[in-house]
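Reviewing the structure listed below.
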Amino acid sequence: MTFREGDDPPQPASPRPQSLMFSFLGVYVLGRRVAVYSGSVIDVFARLGLTEEAVRSTLTRMVKRGLLARHRQGRKTYFGLTPHAADILEDGRRRVWETGAVNRDWDGSWTLVGFSLPDSRRSTRHDLRSQLVWAGFGLLHNGMWIAPGTKDVNAIVTELGLRDHVTVLAVRATGPTESADLVRRAFDTEQIAGRYHAFLDRWDTPGPQPALPDDLARQLLLHTDWLQLVRQDPHLPAEHLPPDWPAIRAEQVFHTLARAYRRPAGRLADTVLDELPLHP
């Protein structure tokens, strides 16, 4: 994809503390009515080289953003999920365990989003583009974005106050345009494949991440790496991708390692985490 409108799409990077925190919360808190003691969270994240200051700062920022709620018992502070955080984590869970990395069920439809905003709304325009990229859209022409399948962008445009400035259509390609042409024009498949190859370089090896102290640390880093990867993947139709598409192997590696780490990591977490039951 040639990103002609002046903004680069998000690039893979070393996991930020908040990304690791989301993985931790998704694995150990989502779906359970508990809050976790900050000191025990610090102990978990020390395994990944994060300082106490970094963890406390991350927890505080997430409270300010309405993602975590504080609960006190005696002199201890516990952190639990807000409904907003639970929604975000549930979306991530679906992407990891249900949607999958390979789109074999595409029905031939596309969602098209068109808009034109003046320079006076440059910041809003940037936010819209960024959220479209994260939602799996590629830039087809200036002001025209597409994504395979049916995408609900109502929440995006409503939050940005752009309902009167954005056109959303469900379309199908018709001659002379082919769906393969849309994939080629709007998406940089080499860049997407490169991300999966980088994941395989890190994890498709005997005894991956040997520098980490235990399987709890490896589990959290694995889940963070994978979720960042699938969130950046537009989930293009498999029929328009090479037969050796690296997402196929990468997904197999993720599932194999996730299963291998689950029990030993869970046992470690049980010994480290101090939890506070939350009542309805």
(message) Between Arg16 and Met21, is there a side-chain heavy-atom distance shorter than 4.5 Å?
(response) no

(message) For a quick test of reading the model, state the closest non-hydrogen atom pair linking Ala147 to Gly136 and the distance between them.
(response) CB-O, 3.4 Å

(message) Test your reading of the model: is there a side-chain donor-acceptor pair from Asn103 to the backbone of Ala238, 3.5 Å cut-off?
(response) no

(request) Check whether any side-chain N or O of Asp91 sits under 3.5 Å from a backbone N or O of Ile88 as a donor-acceptor pair, and report yes or no. (result) no

(message) With a 6.0 Å cut-off on the ring centroids, do Tyr37 and Phe79 count as close?
(response) no

(message) Quick check: do Leu67 and Arg61 have side-chain heavy atoms less than 4.5 Å from each other?
(response) no

(request) Taking the side chain as every heavy atom from C-beta outward, state whether Val272 and Arg47 have any atom pair closer than 4.5 Å. (result) yes

(message) Within a 6.0 Å radius of atom CD on Glu190, are there more than 12 heavy atoms belonging to other residues, nucleotides or ligands?
(response) no

(request) Taking all heavy atoms of Ala217 and all of Pro213, pick out the closest pair and write down the distance. (result) CB-CD, 4.1 Å

(message) Show the nearest heavy-atom pair for residues Trp245 and Thr189, with the distance to one decimal.
(response) CH2-O, 3.5 Å

(message) Quick check on the 6.0 Å ring-centre criterion: do Trp106 and His240 meet it?
(response) yes

(request) Find the distance between CD (Glu159) and CG (Asp127) and round it off to the nearest 0.5 Å. (result) 9.0 Å

(request) Using a 4.5 Å cut-off on heavy atoms from C-beta on, say whether the side chain of Ile192 contacts that of Asp188. (result) no

(message) To the nearest 0.5 Å, what is the distance between CG on Leu278 and CZ on Arg33?
(response) 6.0 Å

(message) Tell me if a side-chain donor or acceptor on Arg218 pairs with a main-chain N or O of Leu212 at a distance below 3.5 Å.
(response) yes

(message) On a heavy-atom basis, which atom in Ala86 and which in Leu30 lie closest, and how many Å separate them?
(response) O-CD1, 3.9 Å

(request) Check ring-ring contact (aromatic ring centres under 6.0 Å, His included) between Tyr261 and all other residues, then give those that pass, not counting sequence neighbours. (result) none

(request) Assess whether side chain to side chain contact (heavy atoms under 4.5 Å, CB included) is satisfied between Asp181 and Arg184, documenting all intermediate values. (result) CA-CA 5 Å; Asp181 297 328; Arg184 176 178 53 80; 3.5 Å; yes

(request) Ignoring hydrogens and angles, state whether a donor on the side chain of Arg94 or Thr99 is under 3.5 Å from an acceptor on the partner side chain. (result) no

(message) Could you tell me if the side chain of Val63 sits less than 4.5 Å from the side chain of Thr82, heavy atoms only?
(response) no

(request) Kindly compute the distance separating CG (Leu128) from CG (Leu117), expressed to the nearest 0.5 Å. (result) 7.0 Å

(request) Taking the side chain as every heavy atom from C-beta outward, state whether Thr111 and Asp152 have any atom pair closer than 4.5 Å. (result) no

(request) Please confirm whether the backbone N or O of Gln228 pairs with a side-chain atom of Gln232, one donor and one acceptor, at under 3.5 Å? (result) yes

(request) Spell out, yes or no, whether Leu276 and Val36 are grouped together once hydrophobic residues are joined by side-chain heavy atoms under 4.5 Å, including indirect joins. (result) no

(message) With rounding to the nearest 0.5 angstrom, report the OG to CD distance, Ser38 to Glu52.
(response) 8.0 Å

(message) So, taking the atom named CD in Gln18 and the one named CG in Leu59, what distance separates them when rounded to the nearest 0.5 Å?
(response) 10.0 Å

(message) Check for me whether the distance between the ring centres of Trp110 and Phe137 falls short of 6.0 Å.
(response) no

(message) Under a 3.5 Å distance rule, please check whether Asp119 uses its side chain to pair with a backbone N or O of Arg122 as donor and acceptor.
(response) no

(message) Do Asp204 and Phe254 have side chains that approach each other closer than 4.5 Å (heavy atoms only, starting at C-beta)?
(response) no

(message) Set out, in order, the CA-CA distance, both residues' side-chain angles and the distance that settles side chain to side chain contact (heavy atoms under 4.5 Å, CB included) for Leu68 and Leu25, then state yes or no.
(response) CA-CA 10 Å; Leu68 292 176; Leu25 295 169; 3.8 Å; yes

(request) Test Val166 against every option in Val153, Val157, Leu160 by the side-chain contact (heavy atoms from CB on, under 4.5 Å) rule and name the one that passes. (result) Val157

(request) Report yes if the side chains of Arg249 and Tyr196 come closer than 4.5 Å at any heavy-atom pair, otherwise no. (result) no

(message) According to a hydrophobic-cluster definition based on side-chain heavy atoms being under 4.5 Å apart (Ile, Leu, Val, Met, Phe, Trp, Tyr only), do Leu273 and Tyr78 belong together?
(response) no

(request) Taking salt bridge (Lys or Arg N to Asp or Glu O under 4.0 Å) as the test, write out the residues that go with Glu251, two or more places apart. (result) none

(request) Look at the side-chain heavy atoms of Ile, Leu, Val, Met, Phe, Trp and Tyr, link any pair under 4.5 Å apart, and say whether Leu112 and Leu236 land in one connected group. (result) yes

(message) Quick one: does any side-chain atom of Ser109 pair with a main-chain N or O of Val171 as donor and acceptor, under 3.5 Å?
(response) no

(message) Show the nearest heavy-atom pair for residues Leu257 and Leu222, with the distance to one decimal.
(response) CB-CD2, 3.6 Å

(request) Working to the nearest 0.5 Å, report the span between CZ of Arg185 and OG1 of Thr177. (result) 5.5 Å

(message) How close do Ile146 and Phe187 get, counting heavy atoms only, and between which atoms?
(response) O-CZ, 3.4 Å

(request) Starting from the C-alpha separation in whole Å, work towards a yes-or-no answer on side chain to side chain contact (heavy atoms under 4.5 Å, CB included) for Thr224 and Phe24. (result) CA-CA 9 Å; Thr224 303; Phe24 165 75; over 6 Å; no

(message) Ring centroids only, cut at 6.0 angstrom: are His223 and Phe22 within range, meaning strictly under it?
(response) no

(request) Scan side-chain atoms only and decide if Arg56 and Thr60 contain a donor-acceptor pair under the 3.5 Å cut-off. (result) no

(message) For the residue pair Arg72 / Thr77, report whether a side-chain donor-acceptor contact shorter than 3.5 Å exists.
(response) yes

(request) Quick one: which residue pairs count as a salt bridge (charged side-chain N to carboxylate O under 4.0 Å, His left out) with a foot in residues 264-280, not counting sequence neighbours? (result) Arg32-Glu275, Lys76-Asp274

(message) Check for me whether the distance between the ring centres of Trp226 and Phe199 falls short of 6.0 Å.
(response) yes

(request) Check the pair Arg121, His165 against side chain to side chain contact (heavy atoms under 4.5 Å, CB included), reporting the backbone distance first and the verdict last. (result) CA-CA 11 Å; Arg121 303 198 66 176; His165 301 273; 3.6 Å; yes

